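Structure, as structure tokens:
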2 protein chains.
Amino acid sequence: MVEKRLYHSVANQILELIDSGVFPAGSRLPGERDLATKFGVSRVAVREAEIALQAQGRLEIKVGSGAYVLDGSNKALNGLPKVGPFELTEARALFEAESAALAAPIITDEAIKELEGYIEIMSGKVEADITADEADEAFHMTIARSTNNHAIIFVIDSMWKMRTEAAQLQNVYKSVCDKDSSHREDEHAAILDALKNRDPATARSAMRAHFNRMIEALLVASEEAAYEEVKRKASESRSRFTLTQQLH
Amino acid sequence: MVEKRLYHSVANQILELIDSGVFPAGSRLPGERDLATKFGVSRVAVREAEIALQAQGRLEIKVGSGAYVLDGSNKALNGLPKVGPFELTEARALFEAESAALAAPIITDEAIKELEGYIEIMSGKVEADITADEADEAFHMTIARSTNNHAIIFVIDSMWKMRTEAAQLQNVYKSVCDKDSSHREDEHAAILDALKNRDPATARSAMRAHFNRMIEALLVASEEAAYEEVKRKASESRSRFTLTQQLH
DNA sequence: TACTTATACTGGTATGACCAATGCATAATA
DNA sequence: TATTATGCATTGGTCATACCAGTATAAGTA
């Protein structure tokens, strides 16, 4: 990873030390002067790094005492929480369905046209300067923006920026998304259709179905995986989610 | 406002200049050296302030060129988006209702007890080291945590941290919350009751009703207000929200 | 033993210096 | 004249050093 600013690099090095257990939560970091010599940089760089980490909620800096490690086990590099693919998809199913329902009665014709464009890009029928995945995100964000509700827009945008915690989970997630691309078209078309009809209830259920099927695919993929951790999360997610499905 | 670190103060001064229109979006800030002498601080303090603002997405710093103001008209001091009370309550109605529905089947007895405690605190029947408002927030966050879904917990927590953009709107919001305190007890009791019965559908509708009533109160209060801006947002919010209500 | 005090830390801030990237005015060129 | 090359002033990035103000702990005192 290339860092433009030196303090980014220093911050990442500090995070590595924390995550590797050298400095567990609650412990005190070495002084800025020590870290500076240890990393071969000036004290300024260490200060800026620690300030950045403090802003991300990973450190608490006490004057005259030191910098203390906060429990950041549930936080990713970007400050957003670490979430597994199951709970992330579950949350999306719930929230994006409501987003679609809210958007349906008030979505503009321009937004509809935009959505049609993204679907074409995802199908690969037209040339575009964005990838299919980027078009996927744009599709969902355009619906969110159509709610005209900034809180909803922020929330859904945040969920797109969250990343899964573990590498193997992320790989499972990615492979599912790839295999999913065929279904994706139909499901997006169904969502768009409901929006065209300005039908909130259908838009909601179509969006739910979209994510529900993604969860099902995730469950299949995770059961094929060799990791117990993945299987445990799968069963957790399934027991909750199946119940919710029955309610709609 | 008391700032612990100097760069906080400097960052706020820079933000004031931006918000007051001295440096509009897209414009270039004076050099770090100029700002340092202007504010009567060292260049280090200015640098740290600009780094913090960059992390908040308010500035873009280009080496050799300068610091450029990004459009932050929709962002509050804490980095979260500025949202009006209507859209915020609307988003809460949607998302927290789903949160309650998801939590209902799996909420623990311990969490139920905790919720009962918060209700007692809000009613003023018991002494506590937290205020009624803090108990209110704790009530909702406990439900969110009961979903066991970190994405949902993060989202609902974020919405509690959002603040309304304009002072007059905030006052309207606050006064409504105060007048609402009597209803609040009953509504919270209804939510708790549904959770006790592990009934997702009822929990969802009870939570919706809770926020729906708050929106109604907001609309009444805003129509009494003298500001056209408030009235406009009220009508916007009502036209959307009434429709959504019919769907559940 | 209990309390005060001295001292060696810590982070916070300031200053001045130098480097590399940038951008613009100027000069050299086609 | 239009275009390109060049030089220099400005900007952010980094460093070394110094000093200040809290903090914590060991030494000293009652």
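Note: hydrogens, waters and symmetry copies are ignored here, and every other heavy atom, side chains too, is used. Since the model is a prediction, treat every value here as computed from it, not as a measurement. Note on naming: letters A, B, ... go to the chains in the order of the sequence lines (proteins, then strands), and numbering restarts at 1 for each one.
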Taking the side chain of [X] as heavy atoms from C-beta outward, which of [options] is closest to it?
X	options	value
B/I61	D/dC15, D/dG12, D/dA24	D/dG12
B/V44	C/dG23, D/dC15, C/dA14	C/dA14
B/S65	D/dG12, C/dT22, D/dC15	C/dT22
B/V63	D/dG13, D/dT11, C/dG23	D/dG13
B/L6	D/dG12, C/dT13, C/dG23	C/dT13
B/E48	C/dG11, C/dT13, D/dT11	C/dT13

Next on the checklist: Using modelled atom types and a 3.5 Å cut-off, is there a donor and acceptor pairing between side-chain atoms of B/R47 and backbone atoms of B/E32?
Outcome noted: no
Checklist entry - Does C/dG12 have OP1 or OP2 sitting under 4.0 Å from an N or O in the side chain of A/R47? => result yes
Next on the checklist: Measuring to OP1 and OP2 of C/dA14, would you say a side-chain N or O of B/S42 lies under 4.0 angstrom away?
Outcome noted: yes
Please give, in whole Å, the distance from [N] [atom2] to [X] [atom1]?
X	N	atom1	atom2	value
B/Y68	C/dT22	OH	C1'	9 Å
B/E32	C/dT15	CD	P	15 Å
B/Q54	D/dT11	CD	C1'	14 Å
A/I51	D/dT14	CD1	P	14 Å
B/L29	D/dT10	CG	P	18 Å

Checklist outcome for this item: The ring pair (Phe, Tyr, Trp, His ring centres under 6.0 Å) partner of A/H140 among A/Y118, A/F211, A/F95 is A/F211
Checklist entry - In terms of side-chain geometry, is the basic nitrogen of B/K113 or B/D109 positioned less than 4.0 Å from the acidic oxygen of its partner? => result no
Next on the checklist: Between the base of C/dG11 and the side chain of A/R33, is one N or O donor paired with an acceptor at under 3.5 angstrom?
Outcome noted: yes
Checklist entry - Looking only at N and O atoms, is any donor in the side chain of B/R43 or the base of C/dG16 less than 3.5 Å from an acceptor on the other one? => result no
